[in-house]
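Note sheet for the following structure.
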Amino acid sequence: SPATIKSFGLGYAPDSWNALLNHLKGLGYTESEIAECGLCVRRDNDGSCYDKFRDRVMFPIIDLRGNVIGFGGRIINDKNGDAAKYLNSPETLIFKKKENLFAMNFAKNSKEDRLLIMEGYMDVISLHQKGFTNAVASLGTAFTPEQAQIIKKYKGRAVLCYDADEAGQKAALRAGEILSNADIKTKVLTVTGAKDPDEYINLKGAEMFKTLIENAVNLVEYRIAKIERQYNLDDGSEKIEFIDKVAEVFSEIKEPVEREIYMKEFSRKYDISIAAVEAHIDKYKKKTDSLQKRREESSERRAFEKRTGGRRDLNNMRLYNAEQLLLNLISEKEVFGILKDILLPEDF
């Protein structure tokens, strides 16, 4: 709608190599300033500039204070079939992709106590037009810990509304892990009957999308359901593998009470005793602890080899370190006085 176009500042970059460049130079800006803002690109052969965005619908990226700090551009006509669907401003002094969220300048003022996290600009704009003013999206890159901190500051709860395809599901799991690590209560919405939230809300309307949000599941439940689809639970050996994988999920839950609640639900649903689930968790922890120990020993060995020119024996390494420490201690006069008649060169 015209109101949405105006609100988001949507526009168009003409199909020209220098339309924006000439316009900005006419306003008194230099090529260096325009290039520094990421709005033009320098040619390698002669250093001249051309417009970065051409024949694209333009989406201004606005920071929390209401300043335009960058742009996203969606292709209209891909004449050669090789252009990127979306093109984003490069990193500049004022535009850090990982530290901003598209439409957060609107969503921070929403009365909702949670944010709807989308994959793309059009998903966000469609939702805002339908009244979901708490929708945001990352900026052409994977979700980041810095973006999670923004969400924690303003809302503290999130619903992941990613595309229904495999790539969208994987992105939801990655984003969910980052949000969980930031102690943000996270749910995952599953889009059915459409490829993404934009298509869904335009096909079925705002009320149906609201129902999807209300039916969103906790991240732990989402992960378990995704694991379940990989196994035939009527087969005993596959069910054991399934429990092993779910044990990994439970072991990552920091809060003991939260973990116990999920374990009880899992026990009831899949007819498995809590003791059996705990045994699988213990087995997984022993496995990961052993792996971590091997990694630490490997790192210790590599550091030793670097210091000593390639000696590989870990026990010798530890002995070597102990001898070095002892020799350093002996350099103290009082310690030397005690040990000079006890330690002999052949002890080393």
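Computed from a predicted structure; not experimentally measured. The analysis underlying the following values was restricted to heavy atoms, covering all of them including side chains, and did not include hydrogens, waters or symmetry mates.
Of the inter-residue distances, the one linking Tyr29 atom OH with Leu20 atom CG reads 11.0 Å to the nearest 0.5 angstrom. Here Leu219 contributes atom CG and Thr186 contributes atom OG1; the two are 6.0 Å apart, rounded to the nearest 0.5 Å. Rounded to the nearest 0.5 Å, atoms OG (Ser89) and CE (Met58) are 6.5 Å apart. Atom CG of Asp347 is separated from atom CD1 of Ile342 by 10.5 Å, given to the nearest 0.5 angstrom. The line from CD1 of Ile184 to CD1 of Ile151 is 5.5 Å long, rounded to the nearest 0.5 Å. Distance check, rounded to the nearest 0.5 Å: CD1 of Ile240 to CD1 of Ile272 gives 10.0 Å.
No donor-acceptor contact under 3.5 angstrom links the side chains of Ser299 and Arg295, judged on distance only. Checking Arg294 against Ser290 by side-chain atom types alone, a donor-acceptor pair falls below 3.5 Å. Lys98 and Gln147 share no side-chain donor-acceptor pair at under 3.5 Å. There is a side-chain donor-acceptor pair under 3.5 Å between Ser1 and Thr4. Between the side chains of Asn218 and Glu221, a donor-acceptor pair is found at a separation under 3.5 Å. No hydrogens or angles considered: a donor-acceptor pair under 3.5 Å links the side chains of Tyr12 and Asp55.
A donor-acceptor pair under 3.5 Å is absent between the side-chain atoms of Ser126 and the main chain of Asp123, judged by distance alone. Between the side chain of Asn67 and the backbone N or O of Asp63, no donor-acceptor pair lies under 3.5 Å. Not one N or O on the side chain of Asp51 forms a donor-acceptor pair closer than 3.5 Å with the backbone of Arg54. Side chain of Asp196 to main chain of Asp163: no donor-acceptor pair is present (N/O by atom type, distance under 3.5 Å, no hydrogens or angles). A distance-only check finds a donor-acceptor pair linking the side chain of Glu238 to the backbone of Asn232 [under 3.5 Å]. At distances below 3.5 Å, not a single donor-acceptor pair connects side-chain atoms of Asn105 with backbone N or O atoms of Leu64.
Between Ala182 and Lys152, the closest heavy-atom pair is O-NZ, 3.1 Å. Across all non-hydrogen atoms, the minimal contact from Cys49 to Arg43 is O-NH1, 3.4 Å. In this structure, Leu39 and Leu24 approach most closely via the heavy-atom pair CD1-CD1, 4.0 Å. The nearest pair of heavy atoms linking Leu160 to Ala172 is CD1-O, 3.4 Å. Smallest separation of non-hydrogen atoms from Leu189 and Cys161: CD1-SG, 4.0 Å. Between Leu101 and Phe143, the shortest heavy-atom contact is CD2-CE1, 4.4 Å.
In this structure, Leu291 shares a hydrophobic cluster with no other residue, the cluster being traced through Ile, Leu, Val, Met, Phe, Trp and Tyr side chains under 4.5 angstrom apart.
Between Phe71 and Phe53, the ring planes are perpendicular. Angles over 60° get that label, and only those under 30° would be called parallel. Phe102 and Tyr121 have tilted rings, their planes meeting at an angle from 30° to 60° on a 0 to 90° scale.
Within the 4.5 Å cutoff, the side chain of Asn100 has heavy atoms near those of the Ile69 side chain. Counting heavy atoms from C-beta on, the side chains of Ile34 and Thr30 never come closer than 4.5 Å. Two residues are said to be in side-chain contact when any heavy atoms from C-beta on lie closer than 4.5 Å; Phe348 and Leu326 meet this criterion. The closest side-chain heavy-atom distance from Ile117 to Leu179 is below 4.5 Å. You'll find the side chain of Met263 stays beyond 4.5 Å of the side chain of Glu260, heavy atoms only. Contact check for Tyr231 versus Glu241: side-chain heavy atoms found under the 4.5 Å cut-off. Using a 4.5 Å heavy-atom cutoff, the side chains of Glu177 and Asn181 are in contact. Side-chain contact between Leu139 and Asn88 is absent, with no heavy atoms from C-beta onward closer than 4.5 Å.
Listed by first and then second residue, the side chain to side chain donor-acceptor pair (under 3.5 Å) pairs that reach into residues 201-214 are Arg114-Glu214, Asp198-Asn202, sequence neighbours excluded.
Considering only residues two or more places apart in sequence or on other chains, Lys96 meets the salt bridge (Lys or Arg N to Asp or Glu O under 4.0 Å) condition with none of them.
Using a cut-off of 4.0 Å between Lys/Arg side-chain N and Asp/Glu carboxylate O, Arg223 and Glu252 are scored as salt-bridged. Taking a cutoff of 4.0 Å between a charged side-chain nitrogen and a carboxylate oxygen, Arg157 and Asp113 qualify as a salt bridge. Checked for salt-bridge contact, Glu166 and Lys226 meet the test: a charged N lies under 4.0 Å from a carboxylate O. Ion pairing between a basic and an acidic side chain is recognised when a charged N comes within 4.0 Å of a carboxylate O; Asp15 and Arg56 show no such pairing. Salt-bridge check for Lys97 with Glu91: failed, with every basic side-chain N at 4.0 Å or more from each acidic carboxylate O.
Aromatic pair Phe266/Tyr270: centroids less than 6.0 angstrom apart. For Phe8 and Phe106, the gap between ring centers is short of 6.0 Å.
Following chains of ILVMFWY side-chain contacts shorter than 4.5 Å, one can reach Val159 starting from Met122, so the two form part of one hydrophobic cluster. With hydrophobic clusters built from ILVMFWY side chains whose heavy atoms lie under 4.5 angstrom apart, Ile253 does not share a cluster with Ile261. Residues Phe132 and Met208 share a hydrophobic cluster, clusters being chains of Ile/Leu/Val/Met/Phe/Trp/Tyr side chains in contact below 4.5 Å. Under a hydrophobic clustering in which Ile, Leu, Val, Met, Phe, Trp and Tyr are joined whenever their side-chain heavy atoms come within less than 4.5 Å, directly or via other members, Leu10 and Met118 fall into the same cluster. Val68 and Phe59 fall into different hydrophobic clusters, where Ile, Leu, Val, Met, Phe, Trp and Tyr are joined by side-chain heavy atoms under 4.5 Å apart, directly or via other members.
Gln230 CD: more than 12 foreign heavy atoms inside a 6.0 Å radius. Crowding of Asp46 atom CG: a count of heavy atoms from other residues, nucleotides or ligands under 6.0 Å exceeding 12. Annotation for Asp44: atom CG does not count as buried by contact number, only 12 or fewer foreign heavy atoms lying within 6.0 Å.
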Please evaluate residues Glu296 and Glu300 with respect to the criterion side-chain contact (heavy atoms from CB on, under 4.5 Å), reporting the C-alpha separation (whole Å), side-chain torsions for both, the decisive distance (0.1 Å), and the verdict. CA-CA 6 Å; Glu296 288 172 359; Glu300 198 178 350; 5.9 Å; no

Between Glu265 and Arg268, does the side-chain contact (heavy atoms from CB on, under 4.5 Å) criterion hold? Intermediate values first, please. CA-CA 5 Å; Glu265 289 178 1; Arg268 282 195 300 270; 3.7 Å; yes

Determine, stepwise, if the pair Tyr262 / Ile224 fulfils side-chain contact (heavy atoms from CB on, under 4.5 Å). CA-CA 10 Å; Tyr262 283 121; Ile224 292 172; 5.9 Å; no

Under the criterion salt bridge (charged side-chain N to carboxylate O under 4.0 Å, His left out), I'd like the reasoning laid out for Asp234 against Lys239: C-alpha separation, chi angles, the key distance, then a yes or no. CA-CA 7 Å; Asp234 293 327; Lys239 190 168 185 177; over 6 Å; no

What verdict does the side-chain contact (heavy atoms from CB on, under 4.5 Å) test give for Lys195 and Asp165, after you've listed the backbone C-alpha separation in whole Å, the side-chain angles of each residue and the deciding distance to 0.1 Å? CA-CA 7 Å; Lys195 69 177 188 297; Asp165 59 15; over 6 Å; no

